[in-house]
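Here the structure is laid out as structure tokens; the discussion comes afterwards.
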Amino acid sequence: MFDALAEKIQSAIGKIAKKGRIDEETLNKGLREIKLALLEADVNYKVVSDFIKDIKEKALGAKVTKGVTAVQQLVKIVHDELVKTLGEKAEPLNLKSKPSVILLIGLQGSGKTTTSAKLAKLLKKQGKKVLLTSVDIYRPAAMLQLKKLGEQISVPVFLEENEKDAAKIAEDALKKAKKEGYDVLIVDTAGRLHIDEEMLKEAKEIKERIHPDEVLFVSDAMTGQEAVNIAKAFDENVGMTGIVLTKLDSDARGGVALSVKGVTGKPIKFAGVGEKIDDFEPFYPDRVASRILGM
Amino acid sequence: FKGREIDEELFEELEERLILADIGVKTSLQLIDELRKETKKRKLKTSDELLEVLKEKLKNLLSNYAGELRTENSPSVILVLGVNGVGKTTTIGKLAKQLKDKGKSVLLAAADTFRAAAIEQLEVWAERADVRIVKGSEGADPASVVFDAVQSLKARGEDILIVDTAGRLHNKDRLMKEIKKIKKVISREIPGEPSEILLVLDANTGQNAISQAKAFKEITDVTGIVLTKLDGTAKGGIVVAIASELKIPIKYIGIGEKIEDLRPFNPEEFVEELFS
Ligand SMILES: Nc1nc2c(ncn2[C@@H]2O[C@H](COP(=O)(O)OP(=O)(O)OP(=O)(O)O)[C@@H](O)[C@H]2O)c(=O)[nH]1
Ligand SMILES: Nc1nc2c(ncn2[C@@H]2O[C@H](COP(=O)(O)OP(=O)(O)OP(=O)(O)O)[C@@H](O)[C@H]2O)c(=O)[nH]1
Ligand SMILES: [K+]
Ligand SMILES: [Mg+2]
Ligand SMILES: [Mg+2]
């Protein structure tokens, strides 16, 4: 999905390459193309501007190293900058408590419920005893959706279908997890807008009552320019420890990866790559950066 | 942005605002280019004049692509399509209620037989809108569910059938081809139908929405767009590019999760919101 961007950047760099050396005018032209390519990939405008500024400073300040062409140097600078923005390495889950709690939050339809089941299956495979719960008291058949997914992977799902207090359900699920010796509790929440104060308060309340080890913000890879504001608002109002990028099996260029990581500083830990429960993988930032540049 | 002179910095800021509204790089640069020309030609002086010209341009463009739903035929069929999680099922619930309130008899077909609890989700909406629903079992062939629903619609002499389909990514061939099969069943059973094929787009989506609209239009004759989740901060500017490049009308906007949160698309209001 990063292929198109890779092509554009390579072509931009190729044009600079023809000139043999990088003077400021050529550099500006090349950077303008890189900028447009990143914008077309839905990287946020402000993130792109900072990114380009950084690269320019480094490119102009770079001393020519023997045996390395100016172009190779620019490619390396862009690559390093991408890796820096996306994070250096794949970040595993940080599950310390017993039971450990993972809370999933995000906008409506981003993929929280599906991701909850995917995570459950992954952890189960690692030999962990996993409990799922849904505190989505709003969306029609939301709890049933998780229940059915739980059945598919033989992971128990704790539900209180008549309870009207989401935080209470989470707390009860945690009690059960403690009592019955579960290793991990995964809490699926209702989708909510990042400007819905009531709903943000609810999420915060849930978080405060169950002290999650991980709060994962689930973000759709097809999201556009608003991704930064959304991620920032969730981070500031609820707090998060990591990000899951879903629907990476689409042909979206996924600039949102740069945006959400750039603005929150929180690592992207997993990638959703399909509707099926096995369509889930760790997110490797260095690989992605290399892919962007076709290296 | 108000009360300023028109200079290079202003154009750059305008570019930023257009792109931040998800209007897209290509369309934004094109608009800025046209604005530069108009500034010279019409001797525009202030940022306010410039913004007015831009708004007019967009309103004119979009008003060519603001369309009403065609449901005069009875029976008529509305097929609802889109990628995963954009709001298809919810939109159908809202639409069913509006049509029912207009005195139409409405039937829903639960042709998303793939996603867990998709059928039950639509059932709740059918209850809320107080309309009938035809469903198959989970994992059933969607086209066969649609066939059953059409028969039921005809047998009861009802006015409108709305078909809910599974979310599908536009770059997945096999899933896209399934749409053709569903459509074929409909037009074989009721010639001339579906009269509406609505593509649901999430306002939060960026450039990929163009790719979605292109692919769905290629596979079938999309008659209109429903732009959901405009109650967030996203502006949904991508429909500007879709209207101008693909000439697909925009019919409704979704502005919340409640049954009444569906409005006809209004170009004036939409453009004002783009710059608010
Ligand atoms: N193609 C694809 N589809 C996905 C992926 N993750 C989730 N989905 C689909 O996206 C849609 C929404 O997923 P859900 O898990 O219901 O999303 P949610 O965030 O729980 O939604 P709400 O509870 O309504 O806020 C469903 O159709 C899922 O099958 C993914 O990685 N790839
Ligand atoms: N804020 C807001 N949320 C919406 C709107 N429309 C739908 N939603 C929410 O978006 C989520 C997904 O909606 P669905 O109707 O299940 O979407 P779908 O396209 O049918 O999803 P799949 O069938 O899984 O592909 C749900 O949580 C809805 O409540 C809207 O206009 N505004
Ligand atoms: K909005
Ligand atoms: Mg959910
Ligand atoms: Mg649905």
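By convention in this document, chain letters (A, B, ...) are assigned in the order of the sequence lines, proteins followed by strands, and residues within each chain are numbered from 1. Any value given below was found using the heavy atoms of this structure, including those in side chains, with hydrogens, waters and symmetry copies removed. Computed from a prediction, not measured in an experiment: that's the story for all the values here.
By the neighbour-count criterion of 12 heavy atoms within 6.0 Å, atom CD of E218(B) is sparsely surrounded, having that number or fewer from other residues, nucleotides or ligands. The environment of K55(B) atom NZ is dense: over 12 non-hydrogen atoms of other residues, nucleotides or ligands sit within 6.0 angstrom. The environment of NZ in K97(B) is sparse: at most 12 heavy-atom neighbours from other residues, nucleotides or ligands sit within 6.0 Å. Other residues, nucleotides and ligands contribute at most 12 non-hydrogen atoms within 6.0 Å of the NZ atom of K26(B). Within 6.0 Å of the NZ atom in K251(B), the count of heavy atoms belonging to other residues, nucleotides or ligands exceeds 12.
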**OP:** Take E138(B) and K148(A) through the side chain to side chain contact (heavy atoms under 4.5 Å, CB included) test and state the conclusion after the steps.
**Re:** CA-CA 11 Å; E138(B) 225 172 286; K148(A) 291 196 170 204; 2.6 Å; yes
Subject >> Verdict with reasoning, T233(B) to N229(A), per side-chain hydrogen bond (donor to acceptor under 3.5 Å, both in side chains) >> reply: CA-CA 8 Å; T233(B) 50; N229(A) 296 327; 5.3 Å; no
Original post:
What do the steps show when you test Y45(A) against R17(B) for side chain to side chain contact (heavy atoms under 4.5 Å, CB included), and what is the final call?
Top reply: CA-CA 9 Å; Y45(A) 195 97; R17(B) 285 182 73 161; over 6 Å; no
**OP:** Would you sort out whether N208(B) and D42(A) count as a side-chain hydrogen bond (donor to acceptor under 3.5 Å, both in side chains), showing the intermediate values?
**Re:** CA-CA 9 Å; N208(B) 194 249; D42(A) 286 322; over 6 Å; no
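Annotation: maximal heavy-atom pairing with chain A below 4.5 Å, among V124(B), N171(B), T90(B), V86(B), occurs at N171(B). Per-residue counts of heavy-atom pairs under 4.5 Å with chain B were compared for L146(A), L36(A), T223(A); the largest is that of T223(A). Taking chain B as the reference chain and counting heavy-atom pairs below 4.5 Å, the highest number among K46(A), K147(A), R139(A) is found for R139(A).
Between H170(B) and D251(A), the shortest heavy-atom distance links the atoms NE2-OD1, 2.7 Å. The two atoms that bring D231(B) and L193(A) nearest to each other are OD2-CD1, 3.4 Å, heavy atoms only.
Neither the backbone nor the side chain of I23(B) comes within contact range of chain A; no heavy atoms are under 4.5 Å apart. Using a 4.5 Å cut-off between heavy atoms, I195(A) touches chain B through its side chain atoms alone. For chain A, the nearby part of L29(B) is the side chain; its heavy atoms alone come within less than 4.5 Å. With a 4.5 angstrom heavy-atom cutoff, E151(A) does not touch chain B via any of its atoms. Interface remark: D196(A) contributes no atoms to any contact with chain B (heavy atom separation under 4.5 Å).
Here K35(A) does not pair with E16(B) in a salt bridge; the nearest charged N to carboxylate O distance is not below 4.0 Å.
M222(A) is listed as a side-chain neighbour of L169(B), based on a closest heavy-atom distance under 4.5 Å. Contact of the K229(B) side chain with the L107(A) side chain is not registered, since no non-hydrogen atoms from C-beta on lie closer than 4.5 Å. No side-chain heavy atom of D220(A) sits under 4.5 Å from any side-chain heavy atom of T205(B). Side-chain contact between R128(B) and P140(A): present, with at least one pair of heavy atoms (C-beta onward) separated by less than 4.5 Å.
Distance OG/S110(A) to CG/N84(B): 12.0 Å, rounded to 0.5 Å. One finds the NZ atom of K172(B) at 8.5 Å from the OG atom of S250(A) (value rounded to the nearest 0.5 Å). Atom CD of E226(A) and atom CG of L20(B) lie 8.0 Å apart (nearest 0.5 Å).
Side-chain atoms of Q145(A) and Q121(B) include no donor-acceptor pair closer than 3.5 Å.
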